[in-house]
Amino acid sequence: MIPAAPLPLQPAPAPPRWQALWRDAVRDPRELLSLLGLDGRVPALSAAAAAQFPLRVPRGFVARMRHGDAADPLLRQVLPLDDEMRPVPGFSLDAVGDAAAKAGHGVIRKYRGRALLVTTGSCAIHCRYCFRRHFPYAEETAAAAGWREAIEAIRGDASIDEVILSGGDPWSLSTPKLAELTDALADVAHLRRVRIHTRLPVVLPERVDDELLSWLGRLPWPVTVVLHANHAREFDANVDAALRRLRDAGAMLLNQAVLLRGVNDSVDALAELSERGHRAGVLPYYLHQLDRVHGAAHFEVPDDRARALHAALAARLSGYLVPRLVREVAGDSGKRPL
Ligand SMILES: *Cc1c(COP(=O)(O)O)cnc(C)c1O
Ligand code: SF4
């Protein structure tokens, strides 16, 4: 018998590039300030806030911040400040009633026809105002239970025709993991639409790679991708290219933003956000009034001012460039218009 020649050593397949960029995110507040030429110039920086909800921001997003500007609207979204540690009456840990609406492992079922799947707790960026910064992710994600309970909860309710992949950020999952989930959903006969709530194409556009696009192109339902950008300067050429590829793969692109004091609480900033998004093929969907979550009070814009900004925006822009101004109220049957 002729001995088989030893197999040539197979190089391990290289992990996707976006995962390396993900891991390389800035996580030290002092490093972030130093990259922006702001060493020692932000006195309200809080180690306690960073310990509670760590800083995380991809370097490509940092590159879009203005050097030397401590009030930069992108920086403000990620920098842990003393303000977060002040308890403010009315701001709580479960501001949107998620704990009460859980219908299955990682499934949140609040509105008719729609099931929101908490696919993962991970995000490439940590937004200080995040409405789920206190959500008990570790126990509640659908992936943790191997999707089974989540899929069964959806299969068992024929009134659900739309599944929303949310999180965290669903695209922080590897593409094979996403395919596992959508393969399981594919034989739920009553599903008509899939929606993906993701900030990744904006904060880490490299995530939109060939593997993701080929997965997207194979999905058996119309797909809507709801992005999350709060300021026009979050878009750049890399983001534009990623969004074009998503559209080419057949996805409809919408954007939801959160109205944030010191970030986008002016008619100019909101108009520029809609116009810049439109240039990238994205229509505005919602402008959210902040969820009253502990640690985010310093971002709040009073309702009267929010309404005035929204009216001024409507007076200025084409109708389809005006997002709906809404608030999420626990127990409501949908987002509540202001
Ligand atoms: C916001 C949300 C939805 C989607 O609501 P739309 O108005 O259809 O965008 C669905 N489920 C939950 C739990 C939500 O919070
Ligand atoms: S990307 Fe979305 S879910 Fe993640 S921290 Fe930001 S707002 Fe929260």
Side-chain angles (χ1 to χ4, degrees), residues 22 25 52-58 61 74 76-78 80 84 94-104 106-135 137 140-142 150 153-154 157 159-173 192-204 207 224-231 234 252 254-260 263 283-291 293 295-296 299 323-337:
W22 173 294
Q52 207 177 70
F53 186 51
L55 170 90
R56 169 175 267 283
V57 54
F61 195 79
L74 278 58
R76 191 169 158 77
Q77 294 180 52
V78 300
E84 294 175 32
D94 182 21
V96 292
D98 279 353
K102 198 162 71 77
V107 178
I108 302 175
R109 176 89 176 72
K110 280 202 222 173
Y111 305 150
R112 207 204 157 276
R114 286 148 288 177
L116 185 145
L117 243 160
V118 181
T119 53
T120 166
S122 299
C123 290
I125 188 167
H126 286 175
C127 313
R128 307 312 300 177
Y129 52 84
C130 182
F131 68 115
R132 286 210 184 104
R133 57 185 283 173
H134 309 289
F135 196 74
Y137 283 125
E140 303 296 340
T141 74
I154 293 164
D157 181 349
S159 76
I160 297 171
D161 58 12
E162 176 170 0
V163 165
I164 301 169
L165 307 188
S166 184
D169 197 310
W171 281 354
S172 65
L173 294 172
R192 296 275 176 275
R193 286 177 294 283
V194 163
R195 191 193 319 183
I196 296 157
H197 281 179
T198 177
R199 189 149 161 65
L200 264 163
V202 174
V203 300
L204 189 72
R207 175 65 186 99
T224 304
V225 175
V226 182
L227 304 163
H228 173 185
N230 299 310
H231 194 279
E234 292 176 41
M252 175 129 47
L254 301 174
N255 183 57
Q256 50 185 344
V258 182
L259 183 58
L260 299 166
V263 174
L283 286 178
Y285 182 36
Y286 283 139
L287 177 62
H288 291 272
Q289 197 41 321
L290 190 79
D291 293 318
V293 61
F299 284 114
R324 269 162 273 185
L325 177 65
V326 293
R327 149 167 301 124
E328 187 162 346
V329 180
D332 270 20
S333 59
K335 311 287 185 236
R336 182 185 292 187

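What you see below is based on every heavy atom in this structure, not just the backbone, and it leaves out hydrogens, waters and symmetry mates. Whatever order the structure lists them in is the order used to number ligands and atoms, beginning at 1.
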If I take atom OG1 from residue T119 and atom CD1 from residue I196, how far apart are they, to the nearest 0.5 angstrom? 9.5 Å
Separation between SG of C123 and CG of L204, rounded to the nearest 0.5 Å: 12.0 Å
My understanding is that only one of R112, R193, R114 makes a side chain to side chain donor-acceptor pair (under 3.5 Å) with D161; could you say which? R193
For residues [X] and [Y], is any side-chain donor paired with an opposing acceptor at under 3.5 Å?
X    : Y    : value
Q52  : E84  : no
R109 : S159 : yes
E328 : H288 : no

Which residues satisfy the side-chain hydrogen bond (donor to acceptor under 3.5 Å, both in side chains) test with R207, sequence neighbours excluded?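 Scan of R207 (side-chain hydrogen bond (donor to acceptor under 3.5 Å, both in side chains), adjacent residues dropped) gives T175.
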List in chain and number order the residues that pass side-chain hydrogen bond (donor to acceptor under 3.5 Å, both in side chains) with H197, two or more places apart in sequence or in another chain; answer none if no residue qualifies. R195
When you measure from atom 7 (S) of ligand 2 to each heavy atom in H228, Q77, H126, which option holds the nearest one?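 Going through H228, Q77, H126 one by one, H228 has the nearest heavy atom to atom 7 (S) of ligand 2.
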Determine, considering heavy atoms only, which of T224, V326, I164 sits nearest to atom 10 (C) of ligand 1.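 Selected option, by shortest heavy-atom distance: I164.
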Going by the order shown, which atoms of ligand 1 are within less than 4.0 Å of some heavy atom of [X]?
X    : value
K335 : 1 (C), 2 (C), 3 (C), 7 (O), 14 (C), 15 (O)
Y286 : 6 (P), 7 (O), 9 (O)
Y111 : 1 (C), 2 (C), 3 (C), 4 (C), 5 (O), 10 (C), 11 (N), 14 (C)
I108 : 13 (C)
Y285 : 6 (P), 7 (O), 8 (O), 9 (O)

Answer with yes or no whether E328 contacts ligand 1, where contact means a heavy atom under 4.0 Å from a ligand atom. yes
Can you find a non-hydrogen atom of R195 under 4.0 Å from ligand 1? yes
For I154 against I160, the heavy-atom pair lying closest together: CA-CD1, 4.1 Å
Any N/O/S of C123 under 2.8 Å from atom 4 (Fe) of ligand 2? yes
Atoms of ligand 2 close to R199 [distance to a heavy atom under 4.0 angstrom, numbered from 1]: 1 (S)
Which atoms from ligand 2 have a heavy atom of C130 less than 4.0 Å away? 3 (S), 5 (S), 7 (S), 8 (Fe)
Taking distance alone, with no angle check, do H197 and ligand 1 share an N/O pair under 3.5 Å? no
Within-shell test, I125 vs ligand 2, heavy atom, strictly < 4.0 Å: yes
